[in-house]
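Within every chain, numbering begins at 1; the chains are lettered A, B, ... in the order of the sequence lines, protein sequences first and strands thereafter.
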Amino acid sequence: MDRLRDKIIPVTTLLALLVVAWYAFAVVLNGPFQRDLDRRAGETPSYTEFLVKTWSQPKPTLPAPHQVAQNFFKTTFQVKPWSARSLVYHSWVTLSATMVGFLFGTVLGIVIAVGIVHFVALDRSLMPWIITSQTIPILALAPMVIVVFAAIGITGLFPKALISTYLSFFPVAVGMVKGLRSPEVMHLDLMHTYNASAAQTFWKLRVPASIPYLFASMKVAVAASLVGAIVAELPTGAIAGIGAKLLSGSYYSQTIEIWAALVAGSLVAVLLVALVGVAGRITERAMGGREA
Amino acid sequence: ADKVTLQLKWVAQGQFAGYFVAKDKGFYEEEGLDVEIKPGGPDVAPEQVIAGGGADVIVTWMAAGLSARDKGVPLVNIAQPFAKSGLELICPKDGPVKTEADFKGHTLGVWFFGNEYPFYAWMNKLGLPTEGGPDGVTVLKQSFDVQPLIQKQADCISVMTYNEYWQAIDAGFKPEDLVVFNYTELGNDLLEDGLYVLEDKLKDPAFEDKMVRFVRASMKGWHYAVENPEEAAGMVLDAGGQDENHQKRMVGEVAKLIGDGKLDPALYERTAKALLDQKIVTKEPEGAYTTAITDKALK
Amino acid sequence: MSRFGISWQAGLALVLCAMAAVALPLAADAAFSAGTTVLIFALIVLCALASMTVASTAFAAAILFVGAHGAAWLLVSGIAGHEGSARASFFLLVAAAWLLAWRCVTELVTIRPKNRTADTMLRLIVPTIFGVWLLLLWEALVRGFGIPFVLLPPPSTIAVRIANSLPVLAADVNQTIFKAVLVGYVLGCGTGFAAAIAADRFIFLRRGLLPVGNMAAALPIIGVAPIMVMWFGFDWQSKAAVVVIMTFFPMLVNTVVGLTASGHMERDLMRTYASGYWQTLFKLRLPAAMPFIFNALKINSTLALIGAIVAEFFGTPVVGMGFRISTEVGRMNIDMVWAEIAVAAVAGSVFYGAVALVERAVTFWHPSIRGG
Amino acid sequence: MQPASQAVVEAKKLGLTFHTGDGPVQALSDVDLTINKGEFVSFIGPSGCGKTTFLRVIADLEKPTSGSILINGMSAEQARQARAYGYVFQAAALYPWRTIEANVALPLEIMGIAREEQKARIKRTLDLVNLSGFEKKYPWQLSGGMQQRASIARALAFDADLLLMDEPFGALDEIVRDHLNEQLLELWKQTNKTICFVTHSIPEAVYLSTRIVVMSPRPGRVTDVIESTLPRDRPLDIRETPEFLAIAARVRDGLRAGHSYED
Amino acid sequence: MQPASQAVVEAKKLGLTFHTGDGPVQALSDVDLTINKGEFVSFIGPSGCGKTTFLRVIADLEKPTSGSILINGMSAEQARQARAYGYVFQAAALYPWRTIEANVALPLEIMGIAREEQKARIKRTLDLVNLSGFEKKYPWQLSGGMQQRASIARALAFDADLLLMDEPFGALDEIVRDHLNEQLLELWKQTNKTICFVTHSIPEAVYLSTRIVVMSPRPGRVTDVIESTLPRDRPLDIRETPEFLAIAARVRDGLRAGHSYED
Ligand SMILES: Nc1ncnc2c1ncn2[C@@H]1O[C@H](COP(=O)(O)OP(=O)(O)OP(=O)(O)O)[C@@H](O)[C@H]1O
Ligand SMILES: Nc1ncnc2c1ncn2[C@@H]1O[C@H](COP(=O)(O)OP(=O)(O)OP(=O)(O)O)[C@@H](O)[C@H]1O
Ligand SMILES: Cc1ncc(C[n+]2csc(CCO)c2C)c(N)n1
Ligand SMILES: [Mg+2]
Ligand SMILES: [Mg+2]
């Protein structure tokens, strides 16, 4: 019951507002072309007719919410979930690559952060290049990566997960470098007096102190990793995955399908970010955290 | 069976119906071939894939193929299923552009990624600079669709007769609402979808034989597709193509461009010259095509 | 620090040299004259040995520097023009030279110079050596294995391309970075921040906005970019819009977390002053959130660049880094692609570095800056 | 003014229970206490007996779970919002991004006091706690005692009628402590402030207070309230008088009674 | 064993200057001090005189900028690496994500002590500081004094020969303080530990120490070292003896001399 009041009502209110704004936008954006059409056809529709028309174009600039909802419903619930026409299937393809990539990305990010915090040589030499690596436009590289892997016979999940990893390790690395360096000076001094080894200081002090940074970074990383997986689906020939749906949709100007795929992608994102959030809250509670 | 990997220039669609038909109807199998068809996508350069060893044979446009050859990827055309070009520039009739003379000072949508050469060759011929300004044309890198036309971001856009043209029609333009500049009709066409392999591999007789069989089966596929466009479209859909109606129409339109598979040397010369004129290739290409394969395959 | 020890890098380098000697010649064709070959061996072996016997760290580092880079230079310039002819011996020597450079860096980071300029120099030189070696290894491998240049061009040809295309590169940078990235970054970080404050201020919004924000987070750029082109036209405004969407979420998440980062007693103090929401925000919670906010600003500095470049794949005037990349891939001018990537990398690093500098100034009090 | 009848703090059957992972902790139980305007009340008791908690309830930082509390006749929340008190926490709670000066300025900024006036007050209070010369230092550059003094300065700078001080002089040596005790008494006498003062030092409690509240833990409660018979004017050497020592002895007895290892 | 000649701490011309944004602070200057095995040395002095800094130098948490220091004949770093000492910080410095029990266990875990033994030691030391029953609580659920006691327990749990204690009893009331003073003396007598003890209480310093070091600020330096003539066995009421009061008076004089508002 509390959940209803605390979560569902605010979310639905906000979404309702969004939907209203969306309808308005649809009129604004689809209007000019509709007017062109009517003019060429020599029609002079009434105002309401015009509204309805802007909300029911087959390939609108901005599809109306109900058009997207219909398509989403049809491709989610009215086809078998494992068929290539099902958004559930495509979402799953993307989700699996995202999760693998996110997992690797988080681990890699943490490993890099640990290295940077513990070895001056790494801090000095690696950090600038990690930053550089992130400024390489991934979409430019993604096709080459996919092509290279395909050339040596590796296709499917792995190359996509690799792109996800590439995008997601960075937020984790940056956040964890900060987090692992965030313990208070006195807490570090205490470890120093025990002559604690670097590993002990790491596990008993740096890791617990970095937890808030870790989860904030992981939320960003999971979103980035989804983007990576979708981007990586483009050069694979638009066969499976949300990226493939987006691509084929945009290739044929099927805006409604694009938006349905976008909605699916967003739902996956919400799911993933929420999962990370729940994991964060559980961890905090286990660490004796007190309500903020 | 001998393995052959074919890299397409674009996603699975009617444009490549012949290959899908040949695979589906077992024409490749009959020739003792096990063919894998890899769809492309935006920013998959088939020339790069073949240079990296990811494919044995690729479908690409001749301009892109020759330019890759100029950059050190020794591609050789072994067959030319598309005898004619399907490229067009379309403009709404109620817009400012009605003839070639009206281009000056307006914005034209062009596909890049190796597809821009015919357009630049044409502008070169018209003597129009492409850097914008009142005396030239402003070029817009066009996206996958006909939105720039609908949004009025460009005065004319590029379309393929078999694809985007119909999207414009679907979007509500009637054929009589459009001014069409067809590259073939204007004599500006450069050769489109052909089959290319690496030169040194071709020296291997076993590979050459494989290609002979491949081209033979592919052309058989194409002829079947030309005669049975509906059935061919179904096979494209099975291979991952989208939008049934659209694919049927596309196969039908593509059928009009298909020839016997042999490269017309005159068209080749024109393409090579246009590229040289624009300095897209730096030297006269040599050995960029062979008729040996088609001669053996299509007796 | 105990000197006169055998460092494992130098030791292993010697072993590799011995193996390379067994596996001679360096290349299948006449890429290397006998003289050059001897010179390379001599450089590596002598410098490795000398570095172990010299007393001063700085001197050892200098010797290693000369040995590693001299040998690498000879190897790389020798193989140029003879791509693909390298044999095992060549790669063993490259590895040996690389080990010496590694040793050099390890020596350098132990130096603690007294004066500031020397320290700054040292701080710059270490990552530079690291970077130079990335490029050297790349060059050696690409040329040594004879990888087709259309797959991966060696850095030297990229450098030549950059030098020859400065006007084009400048125009692209102006279009992509100075217009799309900067505007989008400022707007995206700004709106993300404002949304976080709004979510913090109104519980109702926090509960509603955060899930909606999550949705926006993962709106994949390739889905959004074409839509933005539809809405904002094909010029830089649509790219800036994509950047806004990409940078919004990291800012939102980090700010929301950061706003809870102040201590309980610090907040109680504000309560005792009956401090209003905004006062507490500006005087306590925002300063305490700064480390998190800068976290987002740093992540966003690279995201913005990726976003703007990728967005240019979907309709653009014929200028811009993304346009150039996608176009030149199609034209098989892969060296131009990498030239743009290199420029993007430099611009991104400068951007990130600037943000990091501001961070040091603003969060000087945080343990991670005070020295943790 | 009717100093005797004007209640500043009025606690009635006040109780507060914390709920923790392993069961409830009764931090305060059945506390009845009235503090009148102008009084100087010290709280003394073994550690964990609820002194801090009681001050926090007065300050509206903790809500009682039973009973009621009134501050100046208002609810604790209203009093807080009226900025009725200044609070010195047991720990210094200085903001690390502000210099000492800026930390002291914090409440003044929040209350919108003019810049000139701020400067004057900062100077005065930092002088008072003997921290002049450290205005531009950051908290982590000060010793523990200096940090505590800075936090006292911060509470004094903003001139509230009710002062809540939680062991303000805990980390200070005898000399400074005597000095600050004198200063505080002086301030109190001149301004007729009401002061609630937690301390662990019996002599300090006796020297400063008009009333001493002795508390005892588990559950936290008031076990004794001792009225001081000392005059308002108290030179430091009053601490040697028999009267003083008698009160101190009574406090000590009360304190001892509350300690577990004494029963 | 030659208790008199075995130097545990040997400082020679020790100096330490902090460089801050607005100029250098001389926290220690020319400190010469030798502490022998089995001694109980108290440090007393106005706040900011360098007591904490000196302890931190012994503990190798701060590097001196001049002079030298030897611990057990080794450098401070080697001594730290040999885990020569236990340190009680001026603030409790408990880890907020660990329960009290787990906080006390921390050094034991680090030193790899067996789980059984850990449990026994935790129980013993928490009993000693009277915190049994609070094992499962988190630091923020304890009062200030309880936190400080937990931090004392943590330092005692790991049984080092040298104890560095920075105002360990600052936040405790007189009764607990007396109790812990007795306990500490008992421990010291039984184990022959060396103890460096910072305090602000003159009676505490005199009651506990074999030697009292009086320090003075700006620059931080040692102004007086007072040998105690009290016997090793010290009942609490030794504090009323004239001998005791005489030493206390001497310390008070030394302390007063170091205070700025006295000159
Ligand atoms: N990290 C630091 N940076 C700059 N100055 C410092 C630092 N730590 C201490 N100081 C200065 O050094 C001097 C001595 O400080 P220290 O903490 O040793 O004093 P103390 O004797 O322990 O005082 P207290 O009794 O108040 O704890 C002080 O003036 C202080 O301002
Ligand atoms: N946030 C909290 N959650 C749970 N228990 C708490 C909390 N705060 C205090 N307590 C408990 O309440 C009791 C009273 O604590 P309080 O801080 O009032 O003691 P105190 O008298 O100030 O002691 P000290 O002299 O040591 O500061 C203690 O037993 C403590 O453990
Ligand atoms: C980036 C990009 N390149 C090309 C096309 C158009 N297109 C689709 S199929 C085809 C013929 C190639 O086989 C062409 C030119 C596009 N829409 N987007
Ligand atoms: Mg307390
Ligand atoms: Mg101190």
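- The choice from E/Gln148, E/Met146, E/Glu167, E/Lys137 that makes the most heavy-atom pairs within less than 4.5 Å of chain D is E/Lys137.
- In terms of heavy atoms, E/Gly48 sits closest to D/Ser143 at N-OG, 3.3 Å.
- The CD1 atom of E/Ile175 sits 5.5 Å away from the CD1 atom of D/Ile202 when rounded to the nearest 0.5 Å.
- Crowding of E/Lys63 atom NZ: a count of heavy atoms from other residues, nucleotides or ligands under 6.0 Å exceeding 12.
- A search for ring pair (Phe, Tyr, Trp, His ring centres under 6.0 Å) contacts involving D/Trp97 returns C/Trp365, D/Tyr95, not counting sequence neighbours.
- The contact between D/Phe134 and chain E is made entirely by side chain atoms (from C-beta outward), counting heavy-atom distances below 4.5 Å.
- Residues satisfying the ring pair (Phe, Tyr, Trp, His ring centres under 6.0 Å) criterion with E/Phe54, sequence neighbours excluded, are E/Phe43.
- In this structure the side chain of D/Glu174 reaches within 4.5 angstrom of the side chain of E/Arg252, judged on heavy atoms.
- Contact annotation for D/Thr52: neither backbone nor side-chain heavy atoms come within less than 4.5 Å of a heavy atom of chain E.
- D/Asp173 approaches E/Ser47 most closely through the heavy-atom pair OD1-N, 3.7 Å.
- If you take NE2 on E/His200 and OG on D/Ser201, they are separated by 14.0 Å, rounding to the nearest 0.5 Å.
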